[in-house]
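Note: hydrogens, waters and symmetry copies are ignored here, and every other heavy atom, side chains too, is used. Here is how names work: the chains are called A, B, and so on, in the same order as the sequence lines, proteins then strands, and each is numbered from 1. Everything numeric in this text was worked out from a predicted model, so none of it was measured.
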There are 2 protein chains.
Amino acid sequence: MTPTTRLKARRNARPEQVYQKLRSLIVRGQLAPGQRIVETDVAARLGVSRTPVRGALQRLGQEGYIVESPRLRQSRPTVAPMTREDARELFHIVAEVEGLAARFAAAMPTAARAALTKELTRINEEFRRASRPRDHDHDRVWELDELFHRRYVEAAAGPRLIALHDVVKPQAERYERLYVSLLHADLAVSATEHAAIARAIRSGDVDAAQASVQRNWRNAAERLGAVIETVGERGAW
Amino acid sequence: MTPTTRLKARRNARPEQVYQKLRSLIVRGQLAPGQRIVETDVAARLGVSRTPVRGALQRLGQEGYIVESPRLRQSRPTVAPMTREDARELFHIVAEVEGLAARFAAAMPTAARAALTKELTRINEEFRRASRPRDHDHDRVWELDELFHRRYVEAAAGPRLIALHDVVKPQAERYERLYVSLLHADLAVSATEHAAIARAIRSGDVDAAQASVQRNWRNAAERLGAVIETVGERGAW
DNA sequence: CCGGGTTGATTTGTATACAAAACGGTCCTG
DNA sequence: CAGGACCGTTTTGTATACAAATCAACCCGG
């Protein structure tokens, strides 16, 4: 489920668990934007000392989930606010990261490309089906979209790009989850864009593959920007 | 000089200093790829306890400077090896990050673009001059190249993209510094590519701006790959 | 009644002690 | 002589005590 293993109580297990737990809480909105984070509280609630919590918080800070000071006064760590500008920048970055992965995917050997695109098409069909207005299971729709993109990233990207993806993508998820219920009108468009991505990868056209992914995310940025504009930002005021 | 302030002994000063110091040592090669890092040694040498060192090391680990296990046996933190594949991936990522920044730069108002490109041109002229075969000051050449790219990133990118750039770029520096002496034949090409970037930003053509930056870095990746091929990799065997 | 400084409580930063894990070498056995 | 298990040493992981910094409330003077 989570991208990192939790199998045996191995070396860096504790901070990793804390990290995963907190990140999940932030991404899903249980820890609201602007909310204060206190080391001792987290430590107490998770039943560990401050030391592993510290590691996790530092990591979350570097990745942008936790921010020092959303405004003057309160220069203590708080959950990062969600703003229109931030969403825009973030989605453009995801567009580049996944775009590059698609480029690498389109450069794979023919056989690998065929196998990959076959699966991508299958996932996208399910995505199209799940996004029909009558069965509006938001979680499932999001999951399939996430899966679609993750597939070609993991298939083609190297360790560095995958690591970058793992860091950047969940932050986009934060926005997607919050506003997905307001975006379902655009899901059909998204499915069409996915089909274009699969086609470009299959054909081995690196530029087209990259461009089609970027188009998908930049469009998403536009749509999301409009929604945030009407609904309002969170944690920044 | 360094991107982070060190003015007054403020809150997170100690781990930041340790981070900067170690990163600098790694980037400049004093800490060689594959070399073991021991917390207590670092702490003793810098005159602090293990706690701040720990924070710095975690950060360096996440950013890819320090790696858990270059090979089986020795699953302890070591300086990340430098390989042909890694360089390739890294430079492609830089291409995307700076390419996106250039895209944003090309979308700025006309007046800002004019001011920016004027300075870019000035820097590039100096770069061209410094890269003439007779005065082969490698440090200065590298510095000017770095400055050129940093200018448009800082001028146009938002906080997230700048943060990403600060993390990714110094890792490319690691390769550039090691092999720059072998690349000076290509500096003229680089200067020409820089000119194309400035032109595209000035004209406000976002796609052209992004594409020209990507071309610059992808070409650099090719050139560097060839050099590594002949000289050999470091820290991986 | 409002503003500014002071003080007490909260929270983070650092050091250190202790526990657990991993490495490397050695000794024993086949 | 080779292979493997054991054990001491090194190194990291965790908890905790203490120091420093920051915040919030209060008090006092204007």
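- For A/Arg28, the salt bridge (Lys or Arg N to Asp or Glu O under 4.0 Å) criterion is met by no residue, not counting sequence neighbours.
- In this view, B/Leu31 and B/Leu22, B/Leu25, B/Ile26, B/Gln35, B/Ile37, B/Val79 satisfy the side chain to side chain contact (heavy atoms under 4.5 Å, CB included) rule, not counting sequence neighbours.
- The ring pair (Phe, Tyr, Trp, His ring centres under 6.0 Å) search around A/Tyr152 returns A/His149, not counting sequence neighbours.
- In this structure B/Arg45 satisfies the side chain to side chain contact (heavy atoms under 4.5 Å, CB included) test with no other residue, sequence neighbours excluded.
- For B/Tyr19, there are no ring pair (Phe, Tyr, Trp, His ring centres under 6.0 Å) partners at least two apart in sequence or on another chain.
- Close to C/dA15, at under 4.0 Å from its OP1 or OP2, lies a side-chain N or O of B/Ser49.
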If you restrict it to nitrogen or oxygen atoms, what contacts under 3.5 Å exist between nucleotides 11-13 of chain D and the protein, and what is each distance?
{"unit_1": "D/dT12", "atom_1": "OP1", "unit_2": "B/Ile37", "atom_2": "O", "d": "3.1"}
{"unit_1": "D/dT12", "atom_1": "OP2", "unit_2": "B/Glu39", "atom_2": "N", "d": "3.1"}
{"unit_1": "D/dT12", "atom_1": "O3'", "unit_2": "A/Arg11", "atom_2": "NH2", "d": "3.3"}
{"unit_1": "D/dG13", "atom_1": "OP1", "unit_2": "A/Asn12", "atom_2": "OD1", "d": "3.0"}
{"unit_1": "D/dG13", "atom_1": "OP2", "unit_2": "B/Arg54", "atom_2": "NH2", "d": "2.0"}
{"unit_1": "D/dG13", "atom_1": "O5'", "unit_2": "B/Arg54", "atom_2": "NH2", "d": "3.2"}
{"unit_1": "D/dG13", "atom_1": "N7", "unit_2": "B/Arg50", "atom_2": "NH2", "d": "2.9"}
{"unit_1": "D/dG13", "atom_1": "O6", "unit_2": "B/Arg50", "atom_2": "NH1", "d": "3.1"}

